[in-house]
Amino acid sequence: MQIEIFTLCDSAHVYAGKAVISGSFNQIIAKKLPIRRDMTLAVRIAFDKEESGDKTFIFCIKNPDGSLLVPELKCETKQNLPIEKQTALTTYDLNVVLSNVVLGQVGIYSVTMKYADKEYVLKFFVQEE
């Protein structure tokens, strides 16, 4: 498995197999907290043919104090092609739109992706001016 993209951004779309990402960020500077923010979690993961099969990913987004910012997200992918018809590399794109997320604490927030007993963490920082 190879993680090609794992980022927060303003928006993300996939057109003809190409990821189009706008406004990738790792910090937010607000005039005053709390703020409401729309954001997208963009993920692209590639698997070799030998890793073929259905996959389950679990995403958690936590506040600086460790509490959940949004409910846990469970995403399942299905491999519908028989292995002999698959290409050498299978790519999964996932764009999760998060609307009206309330950011109310200064500090480091974390986005965790869990897959096959492994965790991958993306962090972003929120501060006031």
Side-chain angles (χ1 to χ4, degrees):
M1 178 178 97
Q2 175 180 323
I3 299 172
E4 296 181 351
I5 300 169
F6 183 34
T7 190
L8 286 171
C9 56
D10 294 329
S11 66
H13 306 278
V14 176
Y15 298 106
K18 296 178 183 178
V20 179
I21 297 170
S22 177
S24 179
F25 64 88
N26 67 355
Q27 68 176 353
I28 296 170
I29 301 171
K31 289 186 180 188
K32 185 178 177 186
L33 294 177
I35 62 168
R36 290 186 180 272
R37 173 91 188 231
D38 294 337
M39 60 183 86
T40 299
L41 174 61
V43 180
R44 172 176 276 177
I45 302 169
F47 292 93
D48 293 326
K49 194 174 196 177
E50 301 80 44
E51 299 172 297
S52 178
D54 299 345
K55 312 281 186 239
T56 300
F57 300 94
I58 298 172
F59 296 92
C60 297
I61 304 175
K62 293 184 179 179
N63 290 301
D65 66 9
S67 63
L68 284 176
L69 178 63
V70 296
E72 184 176 272
L73 307 165
K74 183 177 181 181
C75 302
E76 296 180 348
T77 63
K78 300 291 181 191
Q79 180 57 270
N80 295 322
L81 287 174
I83 196 161
E84 63 274 3
K85 291 190 177 185
Q86 293 174 27
T87 60
L89 196 62
T90 301
T91 303
Y92 295 107
D93 288 292
L94 176 67
N95 296 325
V96 180
V97 177
L98 303 164
S99 298
N100 284 321
V101 176
V102 178
L103 302 168
Q105 300 175 32
V106 170
I108 298 173
Y109 290 70
S110 65
V111 181
T112 303
M113 177 175 64
K114 298 176 188 176
Y115 168 73
D117 298 327
K118 292 185 181 177
E119 288 188 0
Y120 306 89
V121 179
L122 167 70
K123 295 182 179 185
F124 68 102
F125 185 72
V126 173
Q127 69 180 34
E128 286 185 305
E129 286 184 343

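FYI, side chains are in, hydrogens and waters are out, and symmetry mates aren't considered; it's all heavy atoms of this structure.
For the atom pair CD1 of I58 and NZ of K74, the computed distance is 6.0 Å after rounding to the nearest 0.5 Å. Here NZ of K31 is found 6.0 Å from CD of E129. Values are rounded to the nearest 0.5 Å. Once rounded to the nearest 0.5 Å, the distance linking SG of C60 with CD of E72 reads 4.0 Å. Atom CG of L103 sits about 5.0 Å away from atom OH of Y109, to the nearest 0.5 Å.
Each salt bridge (Lys or Arg N to Asp or Glu O under 4.0 Å) pair with one or both residues in residues 7-25, not counting sequence neighbours, appears once here: D10-R37.
Judged by distance alone, the side chain of N26 and the main-chain N or O of F124 form no donor-acceptor pair under 3.5 Å. D65 places a side-chain N or O within 3.5 Å of a backbone atom of S67 that can act as its donor or acceptor partner. Using a distance-only test at 3.5 Å, with no hydrogens or angles considered, a donor-acceptor pair links the side chain of E128 to the main chain of L33. Between the E51 side chain and the M1 main chain, a donor and an acceptor come within less than 3.5 Å of each other.
Criterion: ILVMFWY side-chain heavy atoms under 4.5 Å apart, direct or through other members. Under it, L41 and V121 are not part of a common hydrophobic cluster. In the hydrophobic cluster analysis, where Ile, Leu, Val, Met, Phe, Trp and Tyr join through side-chain heavy atoms closer than 4.5 angstrom, V111 is grouped apart from I21. Under a hydrophobic clustering in which Ile, Leu, Val, Met, Phe, Trp and Tyr are joined whenever their side-chain heavy atoms come within less than 4.5 Å, directly or via other members, Y92 and V14 fall into different clusters. L98 and I5 fall into different hydrophobic clusters, where Ile, Leu, Val, Met, Phe, Trp and Tyr residues are linked whenever their side-chain heavy atoms come under 4.5 Å apart, directly or through other members. Connection of V70 to L8 is established within a shared hydrophobic cluster, with ILVMFWY side chains joined at heavy-atom distances below 4.5 Å, either directly or through further cluster members.
In this structure, the side chains of P64 and V106 stay at 4.5 Å or more apart for every pair of heavy atoms. M39 is not listed as a side-chain neighbour of I61, based on a closest heavy-atom distance of 4.5 Å or more. D38 has its side chain within reach of N100: a pair of non-hydrogen atoms, C-beta onward, lies under 4.5 Å apart.
Under the side chain to side chain contact (heavy atoms under 4.5 Å, CB included) test applied with F59, the options L94, L122, T112 reduce to a single match, L94. When the options V43, T77, L73 are evaluated for a side chain to side chain contact (heavy atoms under 4.5 Å, CB included) with F57, the one that passes is T77.
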Set out, in order, the CA-CA distance, both residues' side-chain angles and the distance that settles side-chain contact (heavy atoms from CB on, under 4.5 Å) for M113 and I45, then state yes or no. CA-CA 11 Å; M113 177 175 64; I45 302 169; 3.7 Å; yes
Could you go through T91 and R44, starting from their C-alpha distance and side-chain angles, then the distance that decides it, and tell me whether this counts as side-chain contact (heavy atoms from CB on, under 4.5 Å)? CA-CA 7 Å; T91 303; R44 172 176 276 177; 3.4 Å; yes
Under the side-chain contact (heavy atoms from CB on, under 4.5 Å) rule, what do I28 and F125 come out as? Steps first, then yes or no, please. CA-CA 6 Å; I28 296 170; F125 185 72; over 6 Å; no
What verdict does the side-chain contact (heavy atoms from CB on, under 4.5 Å) test give for Q105 and V126, after you've listed the backbone C-alpha separation in whole Å, the side-chain angles of each residue and the deciding distance to 0.1 Å? CA-CA 7 Å; Q105 300 175 32; V126 173; over 6 Å; no
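Taking the centre of each ring, Y115 and F47 come in below the 6.0 Å mark.
Taking all atoms of both residues into account, the shortest heavy-atom contact from T40 to S11 is OG1-CA, 3.8 Å.
Summarising the local packing, NZ of K62 is surrounded by 12 or fewer heavy atoms from other residues, nucleotides or ligands at distances under 6.0 Å.
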